[in-house]
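As structure tokens, the structure follows; a few thoughts come after it.
Computation of the quantities below employed the complete heavy-atom set of this structure, encompassing side-chain atoms and omitting hydrogens, waters and symmetry-equivalent molecules. Owing to the predicted nature of the structure, the values given are computational and were not obtained by experimental measurement. Throughout, protein chains are lettered first and strands after them, A, B, ... in sequence-line order, and every chain is numbered starting at 1.
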4 protein chains.
Amino acid sequence: MIQSSAKNSGRKAVLNTYRTRSLLEATRKVIADGGFDAVTMERVSAEAGLTKGAVYLYFPNKEQLILAAVEEIFSEMVERIEAQVDADAGPWERLVQTLRAELTIMEEQRDLIRALLLDRRLFRDSPGGHQARRLFKYRDRHEERLKHCLDEGVKKKIFRTMDTSQAAFYINEMAVSTAWRRMIGRSAQPLERDIEQMLAFIHLLIHKRARYTAG
Amino acid sequence: MIQSSAKNSGRKAVLNTYRTRSLLEATRKVIADGGFDAVTMERVSAEAGLTKGAVYLYFPNKEQLILAAVEEIFSEMVERIEAQVDADAGPWERLVQTLRAELTIMEEQRDLIRALLLDRRLFRDSPGGHQARRLFKYRDRHEERLKHCLDEGVKKKIFRTMDTSQAAFYINEMAVSTAWRRMIGRSAQPLERDIEQMLAFIHLLIHKRARYTAG
Amino acid sequence: MIQSSAKNSGRKAVLNTYRTRSLLEATRKVIADGGFDAVTMERVSAEAGLTKGAVYLYFPNKEQLILAAVEEIFSEMVERIEAQVDADAGPWERLVQTLRAELTIMEEQRDLIRALLLDRRLFRDSPGGHQARRLFKYRDRHEERLKHCLDEGVKKKIFRTMDTSQAAFYINEMAVSTAWRRMIGRSAQPLERDIEQMLAFIHLLIHKRARYTAG
Amino acid sequence: MIQSSAKNSGRKAVLNTYRTRSLLEATRKVIADGGFDAVTMERVSAEAGLTKGAVYLYFPNKEQLILAAVEEIFSEMVERIEAQVDADAGPWERLVQTLRAELTIMEEQRDLIRALLLDRRLFRDSPGGHQARRLFKYRDRHEERLKHCLDEGVKKKIFRTMDTSQAAFYINEMAVSTAWRRMIGRSAQPLERDIEQMLAFIHLLIHKRARYTAG
DNA sequence: TATGAATGAGCTTTCATTCAT
DNA sequence: TATGAATGAAAGCTCATTCAT
């Protein structure tokens, strides 16, 4: 009896999770397809196979729906990037792995990322800034990772002395810029070449002497 | 009669120009005030002292109005930047002057630029890409300037050998990133410090040896 | 030329007034027909021969539309009542004329008044109380009139000494109650009889001695 | 088996009653809190510790739920009023006790009564008038009580000769008006003073001669 | 008996665009 | 050239009610 009851609430929880996931997925699809302005309760719900009203059973309003979807995107990205980095590798190698993963993953979800890069209004310093702060968390965590590599490299005298916090910011921005250039159709090269060129610049920026060689 | 007609068309042309300018100015103000979503024909026309309907005499639709306004912003920015660069100075100095001007001018129109950085949908690779292409023109011209400096520096053996086209892109992106970071409230320092730090990084990136010293 | 221009703006003003009136009329009709909950922008606009959107050219929102309509009803009622009172008559006669007018006019717009009596939420002491206050103005003015009669009667020693302010309130409430009873179908008598009976009570309440005789 | 079944249905009946009471209580609370418009199945059921769907096991629809809740309010009020009247007292005293109780009880449930006075749509002469009739029952019973007092007073030659039915109606309306005035914030005095002033008027209205003195 | 997910109809409001004047 | 009234197509959100479990 207890089991069946547990099963029951289990089923419900599962359904709930499924619907929530389903809606987030749908939202992502719509964002990728037409940007944030295309996100209509109508469209999202249709995409998820529900009616408008049903969405409100899972999210209190459109804003929260979008925020949750975007947060999920970021969180997933950060996790996937971290998963591709070999913790035992040296600082420069880890930096390279991180940036390579970042760009590869962005390329994988081209449309979605393009939409996010084209429309950054979610980062607006809204009143209270709750929303923006929630999203910056992921960026901060990512930059922190980069900073760790830099700090270690500096300590090991492989990298120059520098303000590693600033450097991490600029390095990440270079990665984002590289993606951005591709997304808006301003780079005809294969991703790999873009990555190599970017890494060459970053190498110049931080390394003490050695010339950069692909790898 | 002919004279009067000429006069008339002269007057008309003047009036036409005046109205157009007026509308673009108004559009800018509205964008600065509330971003692109705040741009309604109602608000713009009111700000310009006209009525909604009249806007359609000068622009075929909202999209073109916004595009023209943004184009004007960019064109003006590029011109103002160029005006602040001493053509006789050395390549590094010209680079510094350019970037300093870029960031200072952006800071001057903080609200407007924040809106443009938050919402870059105009750069979407629209069908035909007409729109985006019109805007890229200014960016390209600006990057071209940066590239000239770099090329000259390379030729004079002051700068390292490098893909100056790529470098110009990244350097400009670093400037934009610096502005962006300020606009979303992620930098508490005075602009001047942000500029100095950025220049230090760029110096590392391109110079052959000499350590960078502020100036 | 000036004339034609004057005519033009005149025409526009006239049209504006006409539409506004038209919408208020429509709102009244809908209220009379189905109470405040029946007031839908859709229904009102259709009744006025317009589309939903057009209503917003004349009223900023539904609340203001309703408020304006109700205010108009009250203002009109007060005016019409006052128009039916002979300023030269004695205080009791004026009182009688006032109450008779009040009830007759209410009866004339039976459905409308019923809706107002059934749903008095507009008088809710809303935050700020702006709305309620606007409406109480008319009631206050009406009670003031009644009070004047009472004061004069007291002064002339026709009426008893009393708190005339309170009395005015209760007397008006008796009139409203009389109407209310009719509207909810709890009085089968002709209006005239209801009025007479009410007046008899009021006579008892305020007169010094003389028995009341219909008049 | 039979016993257990009996027990079961006993339990069931008890549970049923409990749930019903619970829901009515919840409905009252919600009405008091935000008026009839605040009554949503969601809110009521949550307040009663149930889910939306369950409400339909005890009431066929929202209308009946509200009607039952309001009926209960009225029934309770009438009972409580009657409980506070000394059956052996004289007619005037009983009248005074009745009205005093009425107003005191209304004041006790200020929020609830305000909601009922602001929104009397339940008394609408609905098709068939079933609903209204159910509610009028309580009012009629209350007025009947008042009428009894009046009849007795007339018989004992303490009160004037009058249409006691009408008088009962008006007297009750005066009580309601007094409460109403307080609820919409148009009386700053303590309840006791309002009651005294009202009683003074009623005294004038019905008594043969004696001046009214508080009591 | 009880749940709560889902529906579907309805509501207010906004706005680009058109067009008679 | 200029007006501004009008349209019409959305969009976000709410809620009574139903129904499979």
Closest to the C:A54 side chain, choosing from F:dA16, F:dT7, E:dT17: F:dT7
Sugar-phosphate only, base, or nothing, as touched by B:K52 at under 4.0 Å among non-hydrogen atoms: base
Sugar-phosphate only, base, or nothing, as touched by A:N61 at under 4.0 Å among non-hydrogen atoms: sugar-phosphate
Proximity to the side chain of B:Y56 - top-ranked nucleotide from E:dT18, F:dG8, E:dG8: E:dT18
Value in whole Å for how far the C1' atom of F:dT18 lies from CD of D:E42: 15 Å
Side-chain N,O (A:R19) to OP1/OP2 (E:dA6) below 4.0 Å: yes
Value in whole Å for how far the P atom of F:dT14 lies from NZ of D:K62: 14 Å
Sugar-phosphate, base or nothing in reach of B:F59, heavy atoms under 4.0 Å: nothing
Check: D:R19 side chain, D:N16 main-chain N or O, donor-acceptor pair, under 3.5 Å: no
Side chain of B:T40 - closest among F:dT7, E:dC11, E:dC15: E:dC15
Nucleotide opposite E:dT3 in a Watson-Crick or G-U pair, distances under 3.5 Å: F:dA20
Residues C:K29, C:D111: salt bridge by 4.0 Å N-O rule: no
Residue pair C:F36 / C:L122, side-chain heavy-atom distance below 4.5 Å: yes
A:R21 and A:E72 ion-paired at < 4.0 Å: yes
Toward the 5' end of DNA chain E, by each residue's nearest nucleotide, B:P60 or C:D37: C:D37
Salt bridge present between C:D119 and D:R124 (N-O < 4.0 angstrom): no
Nearest-Å distance for atom pair CG/C1', residues C:N16 and F:dA6: 13 Å
Atom-to-atom span, CD1 of B:I66 to C1' of E:dC15 - whole angstrom: 13 Å
Earlier contact from the 5' end, DNA chain F, for D:M41 and B:G49: B:G49
Touch class at under 4.0 angstrom, heavy-atom based, for A:V39 against every strand present: sugar-phosphate
5' priority, DNA chain F, between C:L15 and A:G53 [closest heavy atom]: C:L15
Separation of E:dA16 C1' from B:Q64 CD (nearest whole Å): 14 Å
Protein-nucleotide distance (C:E63, atom CD; E:dT13, atom C1'), rounded to Å: 14 Å
Flag side-chain contact, heavy atom, 4.5 Å: A:Q131 against A:E63: yes
Of the listed nucleotides F:dC13, E:dC11, E:dT7, the one nearest the side chain of A:L50: E:dT7
Atom-to-atom span, CG of C:L65 to P of E:dC11 - whole angstrom: 15 Å
Options F:dG8, E:dT1, E:dA5, nucleotide nearest the side-chain atoms of D:L57: E:dT1
